[in-house]
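Chain naming here is simple, since letters A, B, ... match the order of the sequence lines and numbering starts at 1 in each.
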Protein chains: 2
Amino acid sequence: MNAYNHPAIQYYQDVSEQCIHYLSIDGVIFGFHENQLKVLLLRWKGTTEWSLPGGFIRKTESVDVAAQRVVRERTGLDELYLQQFHVFGEAERYDQADTWARTKLPIQQVNWSERTISIGYYALVEYSKVVPTPDFLTEECCWWNVDDIPPLLFDHNHIVAVALSSLRRQFADQPISHLLPSAFTVPELQRLHETILGQPLDARNFYKKLMASGTLERLSERRAGTPHKAPYLYRFKPTDI
Amino acid sequence: MNAYNHPAIQYYQDVSEQCIHYLSIDGVIFGFHENQLKVLLLRWKGTTEWSLPGGFIRKTESVDVAAQRVVRERTGLDELYLQQFHVFGEAERYDQADTWARTKLPIQQVNWSERTISIGYYALVEYSKVVPTPDFLTEECCWWNVDDIPPLLFDHNHIVAVALSSLRRQFADQPISHLLPSAFTVPELQRLHETILGQPLDARNFYKKLMASGTLERLSERRAGTPHKAPYLYRFKPTDI
DNA sequence: GCAAAAGTGTTAGGATTACACCCATGT
DNA sequence: ACATGGGTGTAATCCTAACACTTTTGC
């Protein structure tokens, strides 16, 4: 394949015609597995360089819909907890020449050296339901522990950091349901909160506060297949509105 | 003046060349005066229609800088507390035909019927320092009590509502200095907080909490020229970072 | 002097934190 | 039996909310 029929060229031509210039979406897709908060990253074809998934907004498409599209294409998931959290609008967000060189795209061919404003969204998804799927510019899509993220392309390390702090602020005082399956145990929820907060929590106080919130209901089953005492399963009460 | 030399035409031509398409900034400029939270609005030429101030982003300009520019041009102020709070990106945010008719612009002449994504910023400014200045499409710029805002052009009533709730959330638990002069009295600060929260506060508890925060220092002067007992002036301690 | 606002301390209640033991299960 | 994690109550502390009187000043 030479630079002239590189799939990026057709893609950027289509984007150029159909999408809004200078504007993009970056998605920080959070999952939770084995007591680790994870983020979905993409490895670019023929490189060892990683980035967040992203995309562009069609000229008549709602921004939220575009963000959903981005996340859906990488995860296969449709019903999403999706939250706009920041616009990254600096005139020089990163070293463009360096970054495009690292992607190994024949970017000279596509007139896409303009500056980009990016709208950051984060998604909270159920890890086990995700089918990580690379796009046509990338050859690998997989989960990374947020604590072990390598240096990313563009300013994506910064975007992840802002997403994480937004997530922490937003859920400072409410239980997070979206990263777990609909039925879960209290200790599982506690591990999730501990991971996001980055500090251990007292099991008794956690349990008490949770019950006081009145949003949980205990199911009749317990979590099977574990060693030791089988914990009860709970779910969030359906909100009847 | 006919439609062909309407200043809007030249403006939109310039914007079209120099600025990013489909993207704009709307500014919710908050002030505080006579125990009322106020917002700066513009009345469009030859109409009784009001809107928020707004503007466009130059192709190589940081979004924050563009927002500063918008606010500076309407207020004359340069050092601003400015906060990005939401992106309004719905595909159909308002009835375009209706809105453009209400502006009485010869908008058929300017090819500007495209959809717009708007980045919302709010600014907290010192009321007395503002020189409200209309732009070339508007003939009046003045303060409105947030509680008395008329039906605005575009979806600007919605934007104000979101700005206000962001402001309340953001300052749920910290004193707001930016809407008052640098030296102020505790009762003045209390009125401000009461106005933003929409509920009365207990003076003793307010005072205690404020002092406990350790961020205030009492000046030697008192507020002169008031009837009754002269209150002490305070200021926020300069943060030595 | 009197009306109006400023300035301040104490107490009660609610929420948060700290802390320890028994239970169920798989090995 | 024992190792491992689950499940739960009580007491101390801190924070928040309620509440009233004296001081100052202009009129």
Side-chain angles (χ1 to χ4, degrees), chain A residues 32-36 168-169 171-176 180-181 183-237, chain B residues 32-36 168-169 171-176 180-181 183-237:
Chain A
F32 184 66
H33 186 62
E34 290 179 345
N35 291 344
Q36 294 276 354
R168 289 201 179 111
R169 205 166 337 112
F171 288 97
D173 221 40
Q174 47 186 312
I176 305 183
L180 293 176
F184 52 85
T185 71
V186 171
E188 283 164 6
L189 187 59
Q190 186 183 335
R191 301 293 161 260
L192 171 57
H193 279 248
E194 287 174 334
T195 304
I196 289 178
L197 293 174
Q199 58 178 351
L201 297 171
D202 181 276
R204 285 159 292 190
N205 295 334
F206 186 80
Y207 179 82
K208 234 184 316 172
K209 200 164 157 183
L210 209 51
M211 291 306 140
S213 79
T215 56
L216 280 194
E217 60 185 2
R218 182 186 281 186
L219 304 179
S220 47
E221 316 109 89
R222 290 160 176 249
R223 169 76 73 218
T226 67
H228 320 305
K229 182 171 178 178
Y232 293 101
L233 285 170
Y234 289 80
R235 64 168 182 177
F236 285 94
K237 283 182 188 166
Chain B
F32 184 66
H33 185 61
E34 290 180 343
N35 291 343
Q36 295 277 354
R168 288 201 179 111
R169 204 165 339 111
F171 287 97
D173 223 39
Q174 48 186 312
I176 306 184
L180 293 176
F184 53 86
T185 71
V186 171
E188 283 164 6
L189 187 60
Q190 187 183 334
R191 301 293 160 260
L192 171 58
H193 279 248
E194 287 174 335
T195 303
I196 289 179
L197 293 173
Q199 58 178 352
L201 297 172
D202 181 276
R204 286 160 293 188
N205 294 334
F206 185 79
Y207 179 83
K208 233 183 318 174
K209 202 164 156 184
L210 209 51
M211 291 306 140
S213 79
T215 56
L216 279 194
E217 60 185 1
R218 183 186 280 186
L219 304 179
S220 48
E221 318 108 88
R222 291 162 174 247
R223 169 75 75 218
T226 66
H228 321 305
K229 182 171 177 175
Y232 292 102
L233 285 171
Y234 289 80
R235 65 169 183 177
F236 284 94
K237 283 181 190 167

Practice task
For the pair Phe236(A) and Phe184(A), name the ring-plane relationship: parallel under 30°, tilted 30 to 60°, perpendicular over 60°.
Solution key: tilted

Practice task
Please report, rounded to the nearest Å, how far the P atom of dA17(D) is from the CD atom of Glu194(B).
Solution key: 14 Å

Practice task
Side chain of Lys229(A) only, please: which of dG7(D), dC19(C), dG7(C) is the nearest?
Solution key: dG7(D)

Exercise for the section: Using only side-chain N and O atoms of Tyr207(A), determine if any of them is under 4.0 Å from OP1 or OP2 of dT8(D). Expected result: yes

Exercise for the section: Determine, stepwise, if the pair Leu233(B) / Arg223(B) fulfils side chain to side chain contact (heavy atoms under 4.5 Å, CB included). Expected result: CA-CA 6 Å; Leu233(B) 285 171; Arg223(B) 169 75 75 218; 3.8 Å; yes

Problem - Side-chain ion pair, Glu194(B) and Arg191(B), N-O less than 4.0 Å - result: yes

Exercise for the section: Ignoring backbone atoms, test whether Arg218(B) places a side-chain nitrogen or oxygen under 4.0 Å from the OP1 or OP2 oxygen of dT8(C). Expected result: yes

Exercise for the section: For Thr226(B), answer base if it contacts any base atom (sugar-phosphate contacts may also be present), sugar-phosphate if it contacts only those atoms, and nothing otherwise; contact means non-hydrogen atoms under 4.0 Å. Expected result: sugar-phosphate

Exercise for the section: May I ask you to decide if Phe171(B)'s main-chain N or O and His193(B)'s side chain share a donor-acceptor pair within less than 3.5 Å? Expected result: no

Exercise for the section: Rounded to the nearest angstrom, tell me the gap between atom CG in Leu189(A) and atom P in dG5(D). Expected result: 18 Å

Problem - Distance below 4.0 Å between Arg222(A) side-chain N/O and dC23(C) OP1 or OP2 - result: no

Problem - Phosphate contact (dA6(C) OP1 or OP2) by Arg191(B) side-chain N/O below 4.0 Å - result: yes

Completion exercise
Looking only at dG6(D), dG9(D), dG9(C), the nucleotide nearest the Pro187(A) side chain is dG6(D)

Completion exercise
Of Lys209(B) and Asp202(B), the one whose nearest nucleotide on DNA chain D sits closer to the 5' end is Lys209(B)

Exercise for the section: With side chain to side chain contact (heavy atoms under 4.5 Å, CB included) as the test, would you mind laying out the steps for Ile196(B) and Arg168(B) before giving the verdict? Expected result: CA-CA 7 Å; Ile196(B) 289 179; Arg168(B) 288 201 179 111; 4.1 Å; yes

Practice task
Starting from C1' on dG7(C), measure out to CG on Leu233(B) and report it in whole angstrom.
Solution key: 15 Å

Problem - Donor-acceptor pair under 3.5 Å, Lys208(B) side chain vs dT16(D) base - result: no

Completion exercise
Between Tyr234(B) and His228(B), whichever has its closest DNA chain C nucleotide further toward 5' is His228(B)

Fill in the blank from the handout: Per nearest nucleotide of DNA chain C, the residue lying toward the 5' end, Arg204(A) or Asp173(A), is Asp173(A)

Fill in the blank from the handout: Walking DNA chain D from its 5' end, the first of Ala230(B) and Ala203(B) to be reached, judged by nearest nucleotide, is Ala203(B)

